[in-house]
Amino acid sequence: MTIEKTPEVVKINKWDGAAAKNAIDDAIREVFTGELKCKESFALIDGRLCLCALAVGVALYALLWDYLYPFPQSKLVLIICVLSYFFLMSILTMYTTFMEKGIFVVARETVGNNNRVWEASSYVKKHDDKYNLVLVMRDLNKVREASVNKSFAYFIDANGTIVQTLIVNEITKLYNSISSEKKDK
Amino acid sequence: MLDALFDDVKRMNKRQFIYQLLSFGMIVSSALMIWKGLMVLTGSESPIVVVLSGSMEPAFHRGDLLFLTNYPDEPVRVGEIVVFKVEGRDIPIVHRVLKLHEKNNGTVKFLTKGDNNSVDDRGLYAQGQLWLTKKDVVGRTRGFLPYVGMVTIYMNEYPKFKFAVLGCLAIYVLVHRE
């Protein structure tokens with residue numbers, strides 16, 4: 001038995017750049033896991049969550065230790081905790097700037113005996129209405145890239161509702177152009 | 001309106017929600033670790049204190065922010081302003097050292113007084129205590145920033161206001177993405 005899933009209507013404040021970007025990012029993720037039948041890979045985001053959890057854990061440990069052994073006794077443990085906390089924070093900053101680079105979805109698919117990885121990243125300049133999407137495809141020997149730069153108004157209607165069909169079209173177009181490019185060579 | 005506020009949260013997937021909680025945790029932990037770091041650097045269990053009374057006027061006024069250090073090899077001297085704790089009182093006191101006796105082995109006992117008070121502090125000390133010793137000291141004043149501490153004083157006088165402000169900030173951070 002199949003149940004027709006009604007697409008969820010996402011309504012946002014389209015004047016809030018961050019909210020609009022997040023909503024479109026989410027919609028694009030759904031296209032990859034839904035229409036394009038890719039499998040989402042969470043390694044990248046899980047790595048960031050681990051770093052964050054570790055940093056919070058270190059801070060909690062310092063708090064607990066300082067409570068159990070009041071200050072002058074806890075000095076050594078506090079020094080270690082403080083140093084490792086700020087070390088973890090700098091690692092986290094480097095992780096988000098050099099590893100994640102705004103990538104919000106990593107999706108895998110298998111075509112024939114070829115494993116492909118799709119990475120989608122996006123950015124919006126401050127006080128700008130242009131949504132920049134960069135799609136990167138990696139397989140065994142090639143890396144291909146395509147990008148699109150469109151106003152939020154293209155993806156979001158006057159009421160602030162995300163137009164999922166337009167996003168599906170746009171992503172499918174990019175997906176096909178990257179995939180077919182491969183066949184030409 | 002309130003619905004729209006939580007819309008962002010409702011749409012989050014599991015990982016986004018966990019990240020939201022963790023980033024809130026990191027804001028709190030950063031503040032905590034800076035405080036603990038200052039404790040280690042200054043050697044004082046409370047490196048920043050706020051003056052709560054006018055007993056040290058005209059040197060310090062209510063609401064001044066004081067920076068303290070408490071290095072074990074720095075001797076306490078007459079005329080210095082120290083922050084000390086008294087048994088049975090929750091809040092440390094900021095007063096000047098008036099008299100000091102030092103033994104050859106380095107142990108000291110001293111008496112303090114507020115510049116603006118007419119008598120010394122023996123009445124403030126614990127029952128039967130005549131002198132303060134090094135273990136009572138929280139730190140020695142090294143610098144001050146006038147009036148900044150008034151915010152903390154108001155917050156402590158109106159706890160409801162404090163919880164309202166902190167609650168709003170927490171909700172904002174938890175609900176707002178990035």
Side-chain angles (χ1 to χ4, degrees), chain A residues 8-13 16-19 21-23 25-27 29-30 33 40 42 44-46 48-63 65-66 70-89 92 96 102 104-105 124 160 162, chain B residues 1-48 68-73 83 85 92 134-139 172-178:
Chain A
E8 193 192 347
V9 178
V10 179
K11 197 166 181 297
I12 49 140
N13 171 14
D16 180 348
K21 177 186 174 295
N22 285 330
D25 287 354
D26 287 346
R29 179 184 301 113
E30 268 166 38
T33 53
E40 192 172 352
F42 296 106
L44 204 59
I45 185 164
D46 281 349
R48 174 168 46 127
L49 290 179
C50 281
L51 278 175
C52 296
L54 206 59
V56 174
V58 166
L60 283 178
Y61 182 76
L63 188 67
W65 196 268
D66 196 43
F71 172 60
Q73 287 175 59
S74 60
K75 194 168 179 176
L76 186 67
V77 176
L78 284 190
I79 292 175
I80 295 168
C81 286
V82 169
L83 289 181
S84 46
Y85 181 81
F86 288 107
F87 178 71
L88 280 171
M89 283 290 119
L92 181 65
T96 46
F104 58 88
V105 58
V124 179
I162 303 275
Chain B
M1 173 63 206
L2 210 65
D3 238 22
L5 194 66
F6 290 101
D7 253 12
D8 253 357
V9 179
K10 275 187 216 150
R11 278 204 302 273
M12 281 179 200
N13 63 33
K14 194 177 69 192
R15 284 182 172 76
Q16 285 166 341
F17 183 67
I18 293 175
Y19 180 62
Q20 207 67 14
L21 290 182
L22 283 174
S23 53
F24 175 67
M26 281 192 300
I27 293 175
V28 179
S29 347
S30 292
L32 182 79
M33 292 321 262
I34 290 173
W35 180 256
K36 300 281 177 207
L38 273 177
M39 272 167 67
V40 171
L41 285 179
T42 59
S44 168
E45 63 192 270
S46 171
I48 296 173
L68 312 180
T69 62
N70 191 21
Y71 302 120
D73 48 347
V83 179
K85 282 189 302 192
K134 216 152 185 180
K135 65 167 180 25
D136 301 314
V137 176
V138 175
Y172 178 81
V173 172
L174 280 173
V175 161
H176 213 77
R177 260 172 89 176
E178 321 250 324

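Residue numbers begin at 1 in each chain, while the letters A, B, ... track the order of the sequences.
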(request) Counting only heavy atoms closer than 4.5 Å, note whether L92(A) contacts chain B via side chain, backbone, both or neither. (result) side chain

(request) For the residue pair C52(A) and M26(B), establish whether any side-chain heavy-atom pair is separated by less than 4.5 Å. (result) yes

(message) So which residue, D26(A), L60(A), L83(A), L63(A), ends up with the most heavy-atom pairs under 4.5 Å with chain B?
(response) D26(A)

(message) On a heavy-atom basis, which atom in M33(B) and which in V58(A) lie closest, and how many Å separate them?
(response) CE-CG1, 4.3 Å

(message) Would you say that N22(A) contacts Q16(B) through its side chain, given a criterion of any heavy-atom pair below 4.5 Å between the two side chains?
(response) no

(message) In the structure I gave you, are the side-chain heavy atoms of V56(A) and F24(B) within less than 4.5 Å of one another anywhere?
(response) no

(message) Let me confirm one number: the NZ-CZ distance from K14(B) to F42(A), rounded to the nearest 0.5 Å.
(response) 7.5 Å

(request) Please state whether the side chain, the backbone, both or neither of L32(B) comes within less than 4.5 Å of a heavy atom of chain A. (result) side chain

(request) Could you look at N70(B) and say if it's the side chain, the backbone, both or neither that has a heavy atom under 4.5 Å from chain A? (result) neither

(request) Identify the two heavy atoms, one from K75(A) and one from V40(B), that lie closest to each other, and give their separation to 0.1 Å. (result) CE-O, 3.9 Å

(message) Can you give me the closest heavy-atom contact between L49(A) and L22(B), atom names plus distance?
(response) O-CD1, 3.6 Å

(message) If we define contacts as heavy-atom pairs under 4.5 Å, which of S29(B), G37(B), S23(B) has the most with chain A?
(response) S29(B)

(request) To the nearest 0.5 angstrom, please state how far the CZ atom of F86(A) sits from the CD1 atom of I34(B). (result) 5.0 Å

(message) Can you tell me which portion of I79(A) sits under 4.5 Å from chain B's heavy atoms? Options are side chain, backbone, both or neither.
(response) both

(request) For chain A, find which of K36(B), R15(B), E45(B) contributes the most heavy-atom pairs closer than 4.5 angstrom. (result) R15(B)

(request) Kindly indicate whether the side chain of F71(A), heavy atoms from C-beta on, has any atom under 4.5 Å from the side chain of S44(B). (result) no

